[in-house]
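Written below as structure tokens is the structure these notes are about.
Both backbone and side-chain heavy atoms feed into the values below; hydrogens, waters and symmetry mates do not. Treat the numbers as computed from the prediction; the structure is a model and nothing was measured. The residues of the chain are indexed from 1 along the displayed sequence.
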Amino acid sequence: MAKIEKIELRMVDLVPKVKRIDAIQSFVSQETPIVTITDADGASGTGYSYTIGTGGSSVMRLLADHLAPRLIGRDADQIEAIWHELEFATHATTIGAITAIALAAIDTALWDLRARKQNLPLWKLAGGAKDRCPLYTTEGGWLHIETQALVDDALEAKAKGFTGSKVKIGKPHGSEDVARLSAVRKAVGDGYEIMTDCNQGFSVDEAVRRAERLRDLDLAWIEEPLPADDIDGHVRLSNSTATPIAVGESLYSIRHFREYMQKGGCNIIQVDAGRIGGITPWLKVAHAAEAFDMPVCPHFLMELHVSLVCAIRNGKYVEYIPQLDELTGAKMRIENGHALAPSEPGIGIDWDWDAVKAKSIAEFTMAIVK
């Protein structure tokens, strides 16, 4: 692989298409750092990550001041070495979201570059387990949405072939969550999955109590019921309910995933490439989950995660939340409720560079001077 000669950094701030409210926050902004790496052959790869409204400027400064300069002159094919060197260079600030988000954008760009140069789509380069995967939708299940609208959205998704719908929970009283979910279950029947997401909104006792109240609804999972760093609390909850517990959206280290799996604190792994530090650690978590016989159902980033879920044997679902429509040409292909793995070389995202440049709120470039 040729040496890295240029790195371009941009950040775009995207406003979500629909109002997004969960148990602890309103999601009104998606800061999207975008990294393009070009090598001496003139080939380039692009990666990205995201925040939900804060920290984007800090990610950009970390990239521009500390991480991107270390890439100049490196062999772009040494992805594993580069990832670990960049992580060590920032060891005083790890493990945390800012560093992981910055690493993710670089690591994904390197994988995109490698796949393009090998003329392979990412899902084949990273494993090639299958060429499509089931979708479930979250966009119609936010906490503020009225019950009938939840029902209507789930029925529409079911008619399109989607596998399931996610409904946010965390209403002031558990009876409200039960009523909303019961209405959806009654409408869609027993053969359609209902996922739930608490967004870290409960204490252990309240999570145990609500899980018991929801037991008869046969939920696919209860996601992020407790603060993500409370592993022992998740173990207690997992031991108290037959409903699967899903974690991973807010974990930033492969070791955190290891502890959850070893201690029995979860049943479903939702590792997010944009938050774990990129594709390199994502694949390690996914393969570790297979050793524990756990499915991988990644959080968000559907345009990237379709390739990763299709790369691995235990990839189960992709979460349908469109987020890059304003920045891309061709969209993720969907057929009978399944996301189709991209056939194009690279990570499979068709960037509209005119749109990216027009919406950029920050830009940096560094290059070898010839």
If you round to the nearest 0.5 Å, how far is CD1 of I7 from CG of L71? 5.0 Å
Does K357 form a side chain to side chain contact (heavy atoms under 4.5 Å, CB included) with R10? I'd like the steps, not just the answer. CA-CA 8 Å; K357 292 172 183 177; R10 297 182 179 89; 3.5 Å; yes
Is the distance between the ring centroids of F162 and Y320 under 6.0 Å? yes
Taking atom types as modelled, find out whether Y50 and D272 have a side-chain donor-acceptor pair closer than 3.5 angstrom. yes
When clusters are formed from ILVMFWY side-chain contacts under 4.5 Å, directly or step by step, what else is grouped with F88? none
Check whether the side chains of Q30 and T51 place a donor and an acceptor atom closer than 3.5 Å, and report yes or no. no
Any donor and acceptor pair, going by atom type alone, linking the side chain of S203 with main-chain N or O of E206 inside 3.5 Å? yes
Identify each donor-acceptor pair in which a side-chain atom of residues 120-134 lies under 3.5 Å from a protein atom, sequence neighbours left out, and give them as a table.
unit_1: W123; atom_1: NE1; unit_2: P342; atom_2: O; d: 2.9
unit_1: K130; atom_1: NZ; unit_2: V309; atom_2: O; d: 3.0
unit_1: K130; atom_1: NZ; unit_2: I312; atom_2: O; d: 2.6
unit_1: K130; atom_1: NZ; unit_2: G315; atom_2: O; d: 3.2
unit_1: R132; atom_1: NH1; unit_2: E335; atom_2: OE2; d: 3.1

With sequence neighbours excluded, give me every salt bridge (charged side-chain N to carboxylate O under 4.0 Å, His left out) pair touching residues 214-228. K166-E223, E212-R215
Salt bridge (charged side-chain N to carboxylate O under 4.0 Å, His left out) contacts in which one or both residues fall within residues 342-356, not counting sequence neighbours: R333-E344
Listing request: all salt bridge (charged side-chain N to carboxylate O under 4.0 Å, His left out) pairs with a residue in residues 155-165, at least two apart in sequence or in separate chains. E156-K160
Check ring pair (Phe, Tyr, Trp, His ring centres under 6.0 Å) between F257 and all other residues, then give those that pass, not counting sequence neighbours. none
Check whether D112 reaches the backbone of G47 with its side chain - one donor and one acceptor, N or O, closer than 3.5 Å. no
